[in-house]
**Student:** 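Quick one: the structure is below, and I'll ask about it shortly.
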2 protein chains.
Amino acid sequence: MAAETSSLFLLFIVITVISASSLPSLASWPSDFSRQPPRFLGKFSHRTRIQQQYRYEIRFFSQRLDHFSFSEVPRFPQRYLINTEHWAGPGRLGPIFLYCGNEGDIEWFAANTGFVWDVAPRFNAMVLFPEHRYYGESMPFGSRGEAYKNASTLSYLTTEQALADFAVLITDLKRNLSAEACPVVLFGGSYGGMLAAWMRLKYPHIAIGALASSAPILQFEDIIPPETFYNIVSNAFRRESTSCFNTIKESWSLLKSEGLKAGGLDQLAKTFHLCGELKSTGDLTNWLDAAYSYLAMVNYPYPSEFLMPLPGHPIREVCRMIDDSPDGSSTLERIFNGVSIYYNYSGDASCFELDDDPHGMSGWDWQACTEMVMPMASDLDNSMYPAYDFNYSSYQEECWKDFQVIPRPRWITTEFGGHDIKNKLKLFGSNIIFSNGLLDPWSGGSVLKNISQTIVALVTEEGAHHIDLRAATPEDPDWLMEQRATEIKLIEGWLNDYYGERKATFEV
Amino acid sequence: MAAETSSLFLLFIVITVISASSLPSLASWPSDFSRQPPRFLGKFSHRTRIQQQYRYEIRFFSQRLDHFSFSEVPRFPQRYLINTEHWAGPGRLGPIFLYCGNEGDIEWFAANTGFVWDVAPRFNAMVLFPEHRYYGESMPFGSRGEAYKNASTLSYLTTEQALADFAVLITDLKRNLSAEACPVVLFGGSYGGMLAAWMRLKYPHIAIGALASSAPILQFEDIIPPETFYNIVSNAFRRESTSCFNTIKESWSLLKSEGLKAGGLDQLAKTFHLCGELKSTGDLTNWLDAAYSYLAMVNYPYPSEFLMPLPGHPIREVCRMIDDSPDGSSTLERIFNGVSIYYNYSGDASCFELDDDPHGMSGWDWQACTEMVMPMASDLDNSMYPAYDFNYSSYQEECWKDFQVIPRPRWITTEFGGHDIKNKLKLFGSNIIFSNGLLDPWSGGSVLKNISQTIVALVTEEGAHHIDLRAATPEDPDWLMEQRATEIKLIEGWLNDYYGERKATFEV
């Protein structure tokens, strides 16, 4: 019986190997392709023009650069936005709503996190948006140029330092306002949501709860399958149209073979209306790859201008363009028509600049090369992408080339946990909302099931990247209004529990 | 009415000022006195000879010096003691008992923490004693001399770095043993107890619970009155004998006036059998001050050799010597006879060396000058000491003189909390035992009341500094055996909850 099992198993392997090698290669990456890991929003968060939509004062706080050692490094000015118009004040224990600034200009996040501004007045809450160190105007060493000079100056750009910044800032601010007893509620989206959740776990004495929207705190090591992200992106296209999905799936090998032809790169540059020369097929592939990922993230049901000006249900529109291109359009022409929705919805662009500096020193790239190592892969069977394995050695090599730094891929789970999260947090921790829209490719790395009565998952079928944090609009679908109502109710509950405990203590 | 109130208030001030100045000075410190803040055990933990009493293997782990930034600093070897003899192993989810090494040689703590060794076999537990960085043999930069060279080399000696050391070490060790699912229980006494409690709060995914014995996590800022420590020391003497208490109380001004006389220092040196010259009365005062504090800490009901060889109930013996000195003995002779119990119980010493290097670079002094700022004062009315205010400016000056470092007195409460601890942790956190003996002067800075069902305080009237962590002895009083039995039961409960949750998860 045992022998039979093993021969069957061997047979299975043989068949698998044969079928894998004998299958025609449905799709493959260009040979020079070095895939850019998907980013959150860092790439764009400093590009769109920021319009101040809400009222706040801009202040700076002199912050330690290194909270965890006593080495002699200069302090830096941390920028924060503050609004106390609606605040009930210390006497009435008015709450403080703190958005955990993430990888970009804090004014950009303030403009795109309408939910906090919408709900603060009904809670008589102060609103605070502290900026993340090394982003926006919160630059150590005097300037962005100095701060980003090398691995040594960048070395304090870490998540733990950023959380400590928030802790020190809010503690100092509360003391100055005699508001020590005022409860703090945390908000955050994407990496900011990770910060909010981790802040609640690490600094429970500082904040009574956290709304962590689209926070992929499990996107590390081996906690979730590395294919998760690209499978969700692929499904977002497949659900709109199978032929659209298939066109994209076919396009990769066409791009590759086209690029290998004599004059092929020039032809590709023409097909895709590039402004400059195309130096390698990989650059174009990355440009397309990024468009699909971002489209899945901002696949909102109404028009938005979060990363780019886009119509509602943008993937539906992309697929319509791909599927409904004029008869006789080539696959690559269809692809171009599709991504034009993303890169040129306004129709203003006459040609396109690819990301010509993929190794530019962006803060998020540094973070990805140090702590935020999120393994990403794609598999041929379940996605619209060619197979792509996560290869840690080459990841590490790239990081060395870019920053002369060695990543610490296991550190985040050591510091913040992640493995076996349900059991670990069930008897510990409380008052965290993990909200996720299943269309968002980052949702697969977040918490999608309730952990306990007070660590809850709010999941929406049709939601995209932290849509709940956006300002209310007349186009909001019912499920979104319900989701926000639930969040408000949960936050109310945290506050009532807090006031109740305090009252009980004082009465005793 | 308002006018009346303010004149009354003014009158009150005037009376207070008059009575304070007209009262005879009952006791006062020498004018040159700079009081040494009480330490835990650091001063002694490397002095007593270490005898290996338990079986363990000694290993070293290559540890990052800076966990929270990516600056280029060399790794260091962290020493740890390990015993797996009784361990049930990964298959049976054998627990891991981890003692959080504190400010001294880890072998010394292993020898003095018999409780962990006593109970490990009944839990089939592995025993781990990792050493705290910058102590014992866990020296960065190659040697103690290099590590303690200056503020820059010492800058990584912080509590947060030490906790991260434990987290990284245990995570790596578990992975190597395929023991990821084995539950970790933390133990610690004194500063080690603070580490255990904070580790459970900050790394709940790494350890399921903590026994924090004599852990004064509230001895910071303004959380408890700064007189607490010395009042408890004083009470430990008063409860044995009022006349003993009064003799000590009188002695301070006698020391001072004696020291001011011509030839007075020499006379004091003679009275106290000092080996060398007495340079200032303050040195002698500090020597006596330290003896009283340590006596209160190790006021165990049976003979012990924790800091010094001592009889059971050592304060009772000290007071007996003071009270029963031959008729005609002077107050200072009585004091000498009393402290001889502490400094010379074995009777071997023919003369005494004062701490001739009070500014020597000990690790604990560095920690006290950076993060561990515990304000200490004494008041004339409730203690056997002269009045002494905590003066932060001079504290800071001393630290600058000693280490060229500026303390961060508010950092510990920002990082770990402390204010309003009951409310803050009631709805958060679980599985911590705060055990304290009320004779221990550090007990006043610890948690003495249950915070929740799972964050509990075990308080014993007759206990001293982490007596529960010491090995069981035939002389153990009933209350101590009961205390340990309760601890064992609580730990059993944590483990059963953990196994139960896992079982439930796998059955689902």
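In what follows, chains carry the letters A, B, and so on, assigned in the order in which the sequence lines appear, proteins first and then strands, with residues in each chain numbered from 1.
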**Student:** Can you tell which of A:K424, A:R175, A:K426 has the highest number of heavy-atom pairs within less than 4.5 Å of chain B?
**Tutor:** A:R175
**Student:** Can you say whether B:W366 sits under 4.5 Å from chain A via the side chain, the backbone, both, or neither, judging by heavy atoms?
**Tutor:**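 The side chain, not the backbone.
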**Student:** Can you list the residues of residues 204-211 of chain B that sit under 4.5 Å from chain A, counting heavy atoms only?
**Tutor:**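 Expected list: B:P204, B:H205, B:I206.
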**Student:** Could you pull out all residues at least two apart from A:F61 that satisfy ring-ring contact (aromatic ring centres under 6.0 Å, His included)?
**Tutor:**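 With neighbours one apart ignored, the set is empty.
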**Student:** How many angstroms lie between atom CZ of A:R502 and atom CG of B:N423, to the nearest 0.5 angstrom?
**Tutor:**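 That separation rounds to 6.5 Å.
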**Student:** Does a side-chain heavy-atom distance below 4.5 Å link B:R64 with A:R408?
**Tutor:** yes
**Student:** If you check every heavy atom in residues 158-169 of chain B against those of chain A, which residues fall under 4.5 Å?
**Tutor:** B:T158, B:E160, B:Q161, B:A164, B:A167, B:V168
**Student:** Do any of residues 490-498 of chain A have a heavy atom less than 4.5 Å from a heavy atom of chain B, and if so, which, in residue order?
**Tutor:**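 Interface residues of residues 490-498 of chain A: A:D497.
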**Student:** Using heavy-atom distances under 4.5 Å, tell me whether A:S152 contacts chain B through its side chain, its backbone, both, or neither.
**Tutor:** neither
**Student:** Rounded to the nearest 0.5 Å, what's the gap from CZ on B:F70 to CD on A:Q404? Could you check?
**Tutor:**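 With rounding to 0.5 Å, CZ (B:F70) is 14.5 Å from CD (A:Q404).
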**Student:** Hey, what do you get for OH (B:Y156) to CZ (A:F68), rounding to the nearest 0.5 Å?
**Tutor:**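 If we round to the nearest 0.5 Å, B:Y156:OH and A:F68:CZ are 14.0 Å apart.
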**Student:** Side chain, backbone, both or neither: which part of A:H67 has a heavy atom under 4.5 Å from chain B?
**Tutor:**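 Both backbone and side chain of A:H67 come within 4.5 Å of chain B.
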**Student:** Are more than 12 heavy atoms from other residues, nucleotides or ligands located less than 6.0 Å from atom NZ of A:K449?
**Tutor:**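 No, because the 6.0 Å sphere around NZ of A:K449 holds 12 heavy atoms or fewer from other groups.
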**Student:** How long is the span from the OG1 atom in B:T414 to the CG atom in A:D172, to the nearest 0.5 Å?
**Tutor:**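 So the gap between those two atoms works out to 9.0 Å.
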**Student:** Answer yes if the ring centres of B:F428 and A:F428 are under 6.0 angstrom apart, and no otherwise.
**Tutor:**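 Ring-ring flag for B:F428/A:F428: true, centres closer than 6.0 Å.
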**Student:** Answer with side chain, backbone, both or neither: which region of A:K202 has an atom nearer than 4.5 Å to a non-hydrogen atom of chain B?
**Tutor:** both
**Student:** In terms of heavy-atom proximity below 4.5 Å to chain B, should A:R200 be classed as side chain, backbone, both, or neither?
**Tutor:** both
**Student:** Taking every heavy-atom pair that is under 4.5 Å apart, which of A:S155, A:G429, A:G417, A:G418 has the most such pairs with chain B?
**Tutor:**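 Top count of heavy-atom pairs under 4.5 Å with chain B: A:S155.
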**Student:** Between A:H419, A:E180, A:E415, A:E371, which shows the greatest number of heavy-atom pairs under 4.5 Å with chain B?
**Tutor:** A:E415
**Student:** Among A:T153, A:I170, A:L201, which residue has the highest count of heavy-atom pairs closer than 4.5 Å to chain B?
**Tutor:** A:L201
**Student:** How long is the gap from OG on B:S69 to CG on A:L157, to the nearest 0.5 Å?
**Tutor:** 11.0 Å
